[in-house]
Amino acid sequence: MRAAVLGAGSWGSAFAKILGDAGNDVVLWARRPEIAAAIRDTGRNPEYLGNTPLGERVTATASATEAIKGAELVVLAVPSQTLRVNLGDWAADLTDDSTLVSLMKGIELGTTQRMSQVIVEAARVAPDRVAVVSGPNLAGEIALEQPAATVVACSDIDRATRVQHAITTPYFRPYTNDDVVGCELGGAVKNVIALAFGIAHAMGLGDNTKAMLITRGLAETARLGVALGADPLTFSGLAGLGDLVGTCMSPLSRNRTFGEHLGRGKSLEQAQAATRYTAEGVKSCLAIRDLARSHGVEMPITEQVERVCHEGVDPKVAVAALMSRSTKAE
Ligand SMILES: NC(=O)C1=CN([C@@H]2O[C@H](COP(=O)(O)OP(=O)(O)OC[C@H]3O[C@@H](n4cnc5c(N)ncnc54)[C@H](O)[C@@H]3O)[C@@H](O)[C@H]2O)C=CC1
Ligand SMILES: O=C(CO)COP(=O)(O)O
(Lines give C-alpha, C1' and ligand atoms only; values in the text may rest on other atoms or scores of the structure.)
(Ligands and ions follow the chains in the order given, each with its own letter.)
Protein backbone atom coordinates (compact mmCIF):
# COMPACT_ATOMS: atom_id res chain seq x y z
CA MET A 1 0.00 0.00 0.00
CA ARG A 2 0.94 3.66 -0.38
CA ALA A 3 0.70 5.49 2.92
CA ALA A 4 1.07 9.12 3.93
CA VAL A 5 1.90 10.02 7.51
CA LEU A 6 1.10 13.66 8.23
CA GLY A 7 3.15 14.82 11.20
CA ALA A 8 6.81 13.85 11.69
CA GLY A 9 6.95 14.09 15.50
CA SER A 10 7.74 11.14 17.75
CA TRP A 11 4.71 8.99 17.05
CA GLY A 12 4.26 9.95 13.37
CA SER A 13 7.89 9.01 12.70
CA ALA A 14 7.73 5.72 14.65
CA PHE A 15 4.44 4.86 12.93
CA ALA A 16 6.00 5.56 9.53
CA LYS A 17 8.71 3.04 10.43
CA ILE A 18 6.04 0.47 11.38
CA LEU A 19 4.24 0.99 8.05
CA GLY A 20 7.50 0.68 6.13
CA ASP A 21 8.58 -2.43 8.04
CA ALA A 22 5.14 -3.93 7.27
CA GLY A 23 5.88 -3.53 3.54
CA ASN A 24 4.17 -0.26 2.63
CA ASP A 25 5.67 2.69 0.75
CA VAL A 26 5.51 5.65 3.10
CA VAL A 27 5.80 9.39 2.62
CA LEU A 28 6.14 11.30 5.89
CA TRP A 29 5.08 14.96 5.93
CA ALA A 30 7.12 17.24 8.15
CA ARG A 31 5.98 20.81 8.82
CA ARG A 32 9.58 22.01 8.93
CA PRO A 33 11.47 21.55 5.61
CA GLU A 34 14.76 20.95 7.48
CA ILE A 35 13.22 17.91 9.24
CA ALA A 36 11.96 16.51 5.91
CA ALA A 37 15.45 17.05 4.44
CA ALA A 38 17.14 15.36 7.42
CA ILE A 39 14.86 12.33 7.07
CA ARG A 40 15.53 12.12 3.32
CA ASP A 41 19.28 12.56 3.75
CA THR A 42 19.89 10.33 6.78
CA GLY A 43 16.85 8.02 6.95
CA ARG A 44 16.44 9.17 10.56
CA ASN A 45 14.55 11.86 12.49
CA PRO A 46 17.15 12.84 15.11
CA GLU A 47 15.03 15.62 16.59
CA TYR A 48 12.31 13.15 17.66
CA LEU A 49 13.64 9.59 17.42
CA GLY A 50 17.39 9.81 17.93
CA ASN A 51 19.51 7.52 15.81
CA THR A 52 16.74 5.05 14.89
CA PRO A 53 16.71 4.21 11.16
CA LEU A 54 13.18 4.64 9.77
CA GLY A 55 13.78 2.05 7.07
CA GLU A 56 14.26 2.14 3.32
CA ARG A 57 10.57 2.41 2.47
CA VAL A 58 10.15 5.73 4.32
CA THR A 59 10.83 9.05 2.64
CA ALA A 60 9.80 12.57 3.62
CA THR A 61 8.55 15.84 2.20
CA ALA A 62 7.45 19.24 3.46
CA SER A 63 4.60 19.25 0.91
CA ALA A 64 1.42 17.66 2.27
CA THR A 65 -0.04 17.54 -1.26
CA GLU A 66 2.93 15.46 -2.40
CA ALA A 67 2.61 13.14 0.63
CA ILE A 68 -1.14 12.58 0.20
CA LYS A 69 -1.05 12.05 -3.59
CA GLY A 70 -2.03 8.44 -4.35
CA ALA A 71 -2.07 7.42 -0.66
CA GLU A 72 -4.62 4.75 0.26
CA LEU A 73 -3.85 5.24 3.95
CA VAL A 74 -3.59 8.79 5.28
CA VAL A 75 -2.30 8.76 8.86
CA LEU A 76 -2.84 11.87 10.98
CA ALA A 77 -0.20 12.49 13.68
CA VAL A 78 -0.37 16.18 14.60
CA PRO A 79 -1.33 17.76 17.95
CA SER A 80 -5.06 17.36 18.68
CA GLN A 81 -5.64 21.08 18.94
CA THR A 82 -4.19 21.86 15.48
CA LEU A 83 -5.85 18.97 13.60
CA ARG A 84 -8.91 20.91 12.42
CA VAL A 85 -6.84 23.72 10.90
CA ASN A 86 -4.41 21.21 9.35
CA LEU A 87 -7.26 19.26 7.74
CA GLY A 88 -8.63 22.49 6.30
CA ASP A 89 -5.41 22.67 4.26
CA TRP A 90 -5.33 18.96 3.35
CA ALA A 91 -8.98 17.96 2.69
CA ALA A 92 -8.95 18.88 -1.01
CA ASP A 93 -6.00 16.54 -1.68
CA LEU A 94 -7.64 13.41 -0.22
CA THR A 95 -8.83 10.75 -2.67
CA ASP A 96 -12.40 9.48 -2.39
CA ASP A 97 -11.68 6.01 -1.06
CA SER A 98 -8.63 6.57 1.18
CA THR A 99 -8.74 5.49 4.82
CA LEU A 100 -7.96 8.19 7.40
CA VAL A 101 -6.10 6.86 10.42
CA SER A 102 -6.05 8.92 13.61
CA LEU A 103 -3.09 8.53 15.99
CA MET A 104 -4.09 11.45 18.20
CA LYS A 105 -5.08 11.14 21.86
CA GLY A 106 -6.95 14.29 22.72
CA ILE A 107 -10.31 16.06 22.85
CA GLU A 108 -10.80 19.35 20.99
CA LEU A 109 -11.13 22.47 23.12
CA GLY A 110 -14.38 24.35 22.60
CA THR A 111 -16.22 21.68 20.59
CA THR A 112 -15.36 18.80 23.02
CA GLN A 113 -15.14 16.56 19.93
CA ARG A 114 -13.11 13.37 19.70
CA MET A 115 -10.47 13.35 16.96
CA SER A 116 -12.48 11.07 14.65
CA GLN A 117 -15.38 13.53 14.89
CA VAL A 118 -13.06 16.41 13.99
CA ILE A 119 -11.80 14.40 10.99
CA VAL A 120 -15.32 13.61 9.75
CA GLU A 121 -16.29 17.27 9.99
CA ALA A 122 -13.12 18.97 8.77
CA ALA A 123 -12.21 16.50 6.01
CA ARG A 124 -15.87 15.93 5.06
CA VAL A 125 -15.60 12.13 5.01
CA ALA A 126 -18.02 9.41 6.15
CA PRO A 127 -17.37 8.10 9.72
CA ASP A 128 -16.69 4.57 8.41
CA ARG A 129 -13.61 5.86 6.55
CA VAL A 130 -11.91 6.85 9.81
CA ALA A 131 -9.88 4.35 11.85
CA VAL A 132 -8.32 5.10 15.23
CA VAL A 133 -5.09 3.49 16.43
CA SER A 134 -4.73 3.57 20.22
CA GLY A 135 -2.93 1.52 22.85
CA PRO A 136 0.17 1.45 25.07
CA ASN A 137 2.51 2.67 22.34
CA LEU A 138 5.35 4.83 23.65
CA ALA A 139 7.05 5.89 20.42
CA GLY A 140 10.60 5.60 21.79
CA GLU A 141 10.15 1.92 22.68
CA ILE A 142 8.47 1.05 19.37
CA ALA A 143 11.27 2.75 17.43
CA LEU A 144 13.62 0.25 19.14
CA GLU A 145 11.33 -2.57 17.97
CA GLN A 146 10.38 -3.60 21.49
CA PRO A 147 7.23 -5.79 21.28
CA ALA A 148 3.99 -3.83 21.63
CA ALA A 149 0.30 -4.25 20.89
CA THR A 150 -2.37 -1.79 19.87
CA VAL A 151 -6.02 -1.49 18.82
CA VAL A 152 -7.35 -0.44 15.40
CA ALA A 153 -10.88 0.82 15.94
CA CYS A 154 -13.29 1.52 13.08
CA SER A 155 -17.06 1.27 12.67
CA ASP A 156 -16.31 -0.61 9.40
CA ILE A 157 -14.62 -3.75 10.70
CA ASP A 158 -13.36 -4.76 7.21
CA ARG A 159 -11.54 -1.46 7.01
CA ALA A 160 -10.14 -2.00 10.53
CA THR A 161 -8.85 -5.40 9.36
CA ARG A 162 -7.18 -3.85 6.31
CA VAL A 163 -5.42 -1.31 8.53
CA GLN A 164 -4.49 -4.10 10.96
CA HIS A 165 -2.78 -6.02 8.15
CA ALA A 166 -1.03 -2.87 6.94
CA ILE A 167 0.63 -2.25 10.33
CA THR A 168 1.46 -5.76 11.52
CA THR A 169 5.19 -6.37 12.06
CA PRO A 170 7.20 -8.82 14.19
CA TYR A 171 7.32 -6.17 16.94
CA PHE A 172 3.87 -4.54 16.52
CA ARG A 173 0.68 -6.51 17.06
CA PRO A 174 -2.63 -4.75 16.31
CA TYR A 175 -6.08 -6.00 17.39
CA THR A 176 -9.32 -4.75 15.83
CA ASN A 177 -12.31 -3.27 17.67
CA ASP A 178 -15.51 -1.55 16.48
CA ASP A 179 -15.75 0.65 19.59
CA VAL A 180 -14.31 3.90 18.26
CA VAL A 181 -15.73 6.01 21.11
CA GLY A 182 -14.25 3.79 23.84
CA CYS A 183 -10.82 3.55 22.22
CA GLU A 184 -10.58 7.29 21.65
CA LEU A 185 -11.72 8.17 25.16
CA GLY A 186 -9.33 5.66 26.71
CA GLY A 187 -6.44 7.35 24.88
CA ALA A 188 -7.49 10.92 25.67
CA VAL A 189 -8.36 10.50 29.36
CA LYS A 190 -5.30 8.43 30.26
CA ASN A 191 -3.18 11.49 29.45
CA VAL A 192 -5.02 13.42 32.16
CA ILE A 193 -4.63 10.59 34.67
CA ALA A 194 -0.92 10.38 33.75
CA LEU A 195 -0.61 14.06 34.68
CA ALA A 196 -2.14 13.22 38.08
CA PHE A 197 0.23 10.25 38.40
CA GLY A 198 3.25 12.46 37.63
CA ILE A 199 2.10 15.05 40.17
CA ALA A 200 1.72 12.33 42.83
CA HIS A 201 5.11 10.81 41.96
CA ALA A 202 6.88 14.17 42.29
CA MET A 203 5.12 14.80 45.60
CA GLY A 204 6.77 11.64 46.91
CA LEU A 205 3.49 9.74 47.24
CA GLY A 206 3.72 5.96 47.17
CA ASP A 207 2.27 2.97 45.36
CA ASN A 208 -1.06 2.87 47.19
CA THR A 209 -1.78 6.39 46.01
CA LYS A 210 -0.63 5.55 42.47
CA ALA A 211 -2.76 2.39 42.33
CA MET A 212 -5.73 4.43 43.54
CA LEU A 213 -5.18 7.00 40.81
CA ILE A 214 -4.95 4.36 38.08
CA THR A 215 -8.00 2.43 39.29
CA ARG A 216 -10.25 5.37 40.06
CA GLY A 217 -8.96 7.11 36.93
CA LEU A 218 -10.09 4.14 34.89
CA ALA A 219 -13.46 4.20 36.72
CA GLU A 220 -14.09 7.82 35.73
CA THR A 221 -12.93 7.15 32.16
CA ALA A 222 -15.39 4.26 31.86
CA ARG A 223 -18.20 6.34 33.41
CA LEU A 224 -17.76 8.99 30.74
CA GLY A 225 -17.39 6.35 28.05
CA VAL A 226 -20.61 4.58 28.96
CA ALA A 227 -22.45 7.93 28.96
CA LEU A 228 -21.19 8.50 25.41
CA GLY A 229 -22.14 5.01 24.20
CA ALA A 230 -18.84 3.14 24.56
CA ASP A 231 -18.61 -0.55 25.46
CA PRO A 232 -17.41 -0.74 29.10
CA LEU A 233 -15.24 -3.79 28.21
CA THR A 234 -13.07 -1.60 25.98
CA PHE A 235 -11.68 0.07 29.10
CA SER A 236 -10.19 -3.18 30.37
CA GLY A 237 -8.38 -3.64 27.05
CA LEU A 238 -5.23 -2.23 25.47
CA ALA A 239 -6.78 1.14 24.63
CA GLY A 240 -8.07 1.46 28.22
CA LEU A 241 -6.18 -0.09 31.11
CA GLY A 242 -3.23 -1.01 28.89
CA ASP A 243 -2.49 2.53 27.78
CA LEU A 244 -3.27 3.97 31.21
CA VAL A 245 -0.79 1.69 32.96
CA GLY A 246 1.86 2.01 30.23
CA THR A 247 1.72 5.80 30.27
CA CYS A 248 1.59 6.23 34.06
CA MET A 249 4.48 3.81 34.64
CA SER A 250 6.78 5.24 31.98
CA PRO A 251 9.36 7.97 32.49
CA LEU A 252 9.13 8.35 28.67
CA SER A 253 5.57 9.71 28.97
CA ARG A 254 5.39 13.42 28.23
CA ASN A 255 2.15 13.71 30.22
CA ARG A 256 3.57 12.01 33.30
CA THR A 257 6.74 14.12 33.02
CA PHE A 258 4.68 17.29 32.70
CA GLY A 259 2.77 16.26 35.85
CA GLU A 260 6.08 15.78 37.66
CA HIS A 261 7.00 19.42 36.92
CA LEU A 262 3.68 20.55 38.40
CA GLY A 263 4.13 18.24 41.41
CA ARG A 264 7.52 19.84 42.11
CA GLY A 265 5.81 23.21 42.32
CA LYS A 266 6.39 24.57 38.80
CA SER A 267 3.64 26.77 37.34
CA LEU A 268 1.90 25.84 34.08
CA GLU A 269 4.10 28.31 32.19
CA GLN A 270 7.30 26.96 33.80
CA ALA A 271 6.28 23.38 33.03
CA GLN A 272 5.48 24.34 29.42
CA ALA A 273 8.86 26.03 29.09
CA ALA A 274 10.53 22.81 30.28
CA THR A 275 8.60 20.62 27.77
CA ARG A 276 9.61 20.16 24.13
CA TYR A 277 6.96 17.65 23.07
CA THR A 278 3.15 17.51 22.99
CA ALA A 279 1.57 16.69 26.39
CA GLU A 280 -2.04 16.39 25.22
CA GLY A 281 -3.62 16.06 28.67
CA VAL A 282 -2.75 19.65 29.58
CA LYS A 283 -5.31 21.08 27.14
CA SER A 284 -7.58 18.06 26.89
CA CYS A 285 -8.31 18.09 30.66
CA LEU A 286 -10.37 21.24 30.06
CA ALA A 287 -12.31 19.70 27.18
CA ILE A 288 -12.82 16.38 29.02
CA ARG A 289 -14.07 18.19 32.11
CA ASP A 290 -16.55 20.15 29.96
CA LEU A 291 -17.64 17.00 28.11
CA ALA A 292 -18.22 15.19 31.42
CA ARG A 293 -20.13 18.09 32.95
CA SER A 294 -22.36 18.38 29.88
CA HIS A 295 -23.29 14.69 30.30
CA GLY A 296 -23.72 14.90 34.08
CA VAL A 297 -20.72 12.57 34.66
CA GLU A 298 -18.49 12.99 37.71
CA MET A 299 -14.75 12.99 36.91
CA PRO A 300 -13.11 14.10 40.17
CA ILE A 301 -9.49 13.39 39.21
CA THR A 302 -9.89 15.20 35.88
CA GLU A 303 -11.51 18.15 37.71
CA GLN A 304 -8.53 18.41 40.08
CA VAL A 305 -5.94 18.06 37.30
CA GLU A 306 -7.65 20.92 35.47
CA ARG A 307 -7.55 23.05 38.65
CA VAL A 308 -3.83 22.38 39.19
CA CYS A 309 -2.98 23.03 35.51
CA HIS A 310 -5.17 26.02 34.77
CA GLU A 311 -6.31 27.57 38.04
CA GLY A 312 -2.99 27.54 39.88
CA VAL A 313 -4.32 25.26 42.64
CA ASP A 314 -1.61 23.77 44.87
CA PRO A 315 -1.35 19.98 44.25
CA LYS A 316 -1.59 19.40 48.03
CA VAL A 317 -4.96 21.21 48.05
CA ALA A 318 -6.09 19.07 45.08
CA VAL A 319 -5.12 15.85 46.89
CA ALA A 320 -7.00 16.98 50.01
CA ALA A 321 -10.08 17.79 47.90
CA LEU A 322 -10.04 14.31 46.34
CA MET A 323 -9.62 12.58 49.71
CA SER A 324 -12.40 14.56 51.41
CA ARG A 325 -15.13 13.69 48.90
CA SER A 326 -18.18 12.00 50.37
CA THR A 327 -17.75 8.26 50.90
CA LYS A 328 -19.60 5.92 48.54
CA ALA A 329 -19.92 2.37 47.23
CA GLU A 330 -17.30 1.28 44.70
N1 LIG B 1 4.70 10.00 21.34
C2 LIG B 1 4.04 8.89 21.64
O3 LIG B 1 4.61 7.96 22.23
C4 LIG B 1 2.59 8.77 21.28
C5 LIG B 1 1.84 9.85 20.89
N6 LIG B 1 0.52 9.71 20.57
C7 LIG B 1 -0.29 10.85 20.13
O8 LIG B 1 0.16 11.25 18.84
C9 LIG B 1 -0.13 12.62 18.64
C10 LIG B 1 1.10 13.31 18.10
O11 LIG B 1 2.06 13.27 19.15
P12 LIG B 1 3.62 13.12 18.97
O13 LIG B 1 4.04 12.71 17.63
O14 LIG B 1 4.08 12.29 20.08
O15 LIG B 1 4.03 14.64 19.29
P16 LIG B 1 5.41 15.36 19.13
O17 LIG B 1 5.39 16.49 20.07
O18 LIG B 1 6.52 14.39 19.21
O19 LIG B 1 5.32 15.89 17.64
C20 LIG B 1 4.29 16.77 17.25
C21 LIG B 1 4.38 17.00 15.77
O22 LIG B 1 3.34 17.91 15.39
C23 LIG B 1 3.93 18.98 14.68
N24 LIG B 1 3.15 20.20 14.88
C25 LIG B 1 3.20 21.06 15.93
N26 LIG B 1 2.36 22.08 15.70
C27 LIG B 1 1.77 21.86 14.51
C28 LIG B 1 0.82 22.56 13.73
N29 LIG B 1 0.32 23.71 14.13
N30 LIG B 1 0.46 22.01 12.56
C31 LIG B 1 0.97 20.85 12.15
N32 LIG B 1 1.88 20.16 12.82
C33 LIG B 1 2.26 20.65 14.00
C34 LIG B 1 5.35 19.10 15.20
O35 LIG B 1 6.16 19.77 14.28
C36 LIG B 1 5.70 17.62 15.35
O37 LIG B 1 6.08 17.08 14.12
C38 LIG B 1 -0.61 13.16 20.00
O39 LIG B 1 -2.01 13.25 19.99
C40 LIG B 1 -0.16 12.10 20.99
O41 LIG B 1 -1.02 12.02 22.12
C42 LIG B 1 -0.09 8.50 20.61
C43 LIG B 1 0.62 7.36 20.96
C44 LIG B 1 2.01 7.42 21.32
O1 LIG C 1 0.22 7.75 24.28
C2 LIG C 1 1.31 7.42 24.66
C3 LIG C 1 1.65 6.01 24.94
O4 LIG C 1 0.63 5.15 24.56
C5 LIG C 1 2.36 8.43 24.87
O6 LIG C 1 2.11 9.11 26.05
P7 LIG C 1 2.69 10.57 26.25
O8 LIG C 1 2.01 11.44 25.22
O9 LIG C 1 2.34 10.93 27.65
O10 LIG C 1 4.15 10.49 26.01
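Numbering of ligands and ligand atoms starts at 1, following listing order.
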- Note on the structure: atom 18 (O) of ligand 1 has as its nearest protein heavy atom S10 OG, 2.6 Å

- Query: Any idea which atoms of ligand 1 are less than 4.0 Å away from a heavy-atom of M104?
  - Reply: 39 (O)

- Item | Proximal ligand 1 atoms for L103, defined as those under 4.0 Å from one of its heavy atoms | 6 (N), 7 (C), 8 (O), 42 (C)

- Task: Determine, considering heavy atoms only, which of N137, N86, V78 sits nearest to atom 30 (N) of ligand 1.
- Result: N86

- Q164 and T176: side-chain donor and acceptor closer than 3.5 Å? no

- Set of side chain to side chain contact (heavy atoms under 4.5 Å, CB included) partners for L233, sequence neighbours left out: D231, S236

- Query: Going by distance only, is there an N or O of L138 that falls short of 3.5 Å from an N or O of ligand 1?
  - Reply: no

- Item | Candidate with minimal heavy-atom separation from atom 22 (O) of ligand 1, of G7, P79, G12, G281 | P79

- Note on the structure: The protein heavy atom nearest to atom 29 (N) of ligand 1 is T82 CG2, 3.3 Å

- Could you check atom 42 (C) of ligand 1 against the protein and tell me its nearest heavy-atom contact, residue, atom and distance included? W11 CD1, 3.1 Å

Write 'none' if nothing qualifies; otherwise put on separate lines each N/O atom of ligand 2 with a protein N/O atom under 3.5 Å away and their distance to 0.1 Å.
from: ligand 2; atom 1: 1 (O); to: K105; atom 2: NZ; distance (Å): 2.9
from: ligand 2; atom 1: 1 (O); to: K190; atom 2: NZ; distance (Å): 2.7
from: ligand 2; atom 1: 4 (O); to: K105; atom 2: NZ; distance (Å): 2.9
from: ligand 2; atom 1: 4 (O); to: G135; atom 2: O; distance (Å): 3.0
from: ligand 2; atom 1: 4 (O); to: N137; atom 2: N; distance (Å): 2.9
from: ligand 2; atom 1: 4 (O); to: D243; atom 2: OD1; distance (Å): 2.7
from: ligand 2; atom 1: 6 (O); to: K190; atom 2: NZ; distance (Å): 3.2
from: ligand 2; atom 1: 8 (O); to: R254; atom 2: NE; distance (Å): 3.4
from: ligand 2; atom 1: 8 (O); to: R254; atom 2: NH2; distance (Å): 3.1
from: ligand 2; atom 1: 8 (O); to: N255; atom 2: ND2; distance (Å): 3.2
from: ligand 2; atom 1: 9 (O); to: S253; atom 2: OG; distance (Å): 2.7
from: ligand 2; atom 1: 9 (O); to: R254; atom 2: N; distance (Å): 3.2
from: ligand 2; atom 1: 9 (O); to: N255; atom 2: N; distance (Å): 3.0
from: ligand 2; atom 1: 9 (O); to: N255; atom 2: ND2; distance (Å): 2.8
from: ligand 2; atom 1: 10 (O); to: R254; atom 2: N; distance (Å): 2.8
from: ligand 2; atom 1: 10 (O); to: R254; atom 2: NE; distance (Å): 2.6

- Task: Determine, stepwise, if the pair R307 / E303 fulfils salt bridge (Lys or Arg N to Asp or Glu O under 4.0 Å).
- Result: CA-CA 6 Å; R307 291 178 70 215; E303 292 266 352; over 6 Å; no

- Is N208 atom CG crowded by more than 12 heavy atoms from other residues, nucleotides or ligands, each under 6.0 Å away? no

- Identify whether the distance between the nearest side-chain nitrogen and carboxylate oxygen of E72 and R162 falls below 4.0 Å. no

- Query: Does CD belonging to E311 count more than 12 external heavy atoms closer than 6.0 Å?
  - Reply: yes

- For atom 19 (O) of ligand 1, closest protein heavy-atom neighbour: G9 CA, 3.2 Å

- Task: Look at ligand 1 and say whether R254 reaches it with a heavy atom at a distance under 4.0 Å.
- Result: yes

- Task: Could you find the nearest protein heavy atom to atom 39 (O) of ligand 1 and give me its residue, atom name and distance?
- Result: E280 OE2, 2.5 Å

- Under 3.5 Å between some N or O of ligand 1 and some N or O of K105? yes

- Scan side-chain atoms only and decide if D128 and S155 contain a donor-acceptor pair under the 3.5 Å cut-off. no

- According to the interplanar angle, ranging from 0 to 90°, do the rings of F197 and H201 count as parallel (below 30°), tilted (30 to 60°) or perpendicular (above 60°)? parallel

- Item | atom 33 (C) of ligand 1 - nearest protein heavy atom and its distance | R31 NE, 3.4 Å

- Task: State whether D25 and R2 are salt-bridged, where the test is any N-O pair (Lys NZ or Arg NE/NH1/NH2 against Asp/Glu carboxylate O) under 4.0 Å.
- Result: no

- Can you label the angle between the F15 ring and the F172 ring as parallel, tilted or perpendicular, going by 30° and 60°? perpendicular

- Pick, from T278, I142, L28, the option with the minimum heavy-atom distance to atom 16 (P) of ligand 1. T278

- Query: Are any of the heavy atoms in A8 under 4.0 Å away from ligand 1?
  - Reply: yes

- Kindly compute the distance separating CG (N191) from CD1 (I288), expressed to the nearest 0.5 Å. 7.5 Å

- Message: Do the side chains of E260 and R256 get close enough for a salt bridge, i.e. N-O under 4.0 angstrom?
- Response: yes

- Query: Looking only at heavy atoms, which two atoms of L185 and I107 are closest? And how far apart?
  - Reply: CD2-CD1, 4.2 Å

- Specify the protein heavy atom at minimum distance from atom 36 (C) of ligand 1: its residue, its atom name, and the distance to 0.1 Å. Y48 OH, 3.4 Å

- Shortest protein contact, atom 3 (O) of ligand 1 (heavy atom only): A139 N, 2.8 Å

- Message: Checking T169 against D21: is there a side-chain donor and acceptor pair closer than 3.5 Å?
- Response: no

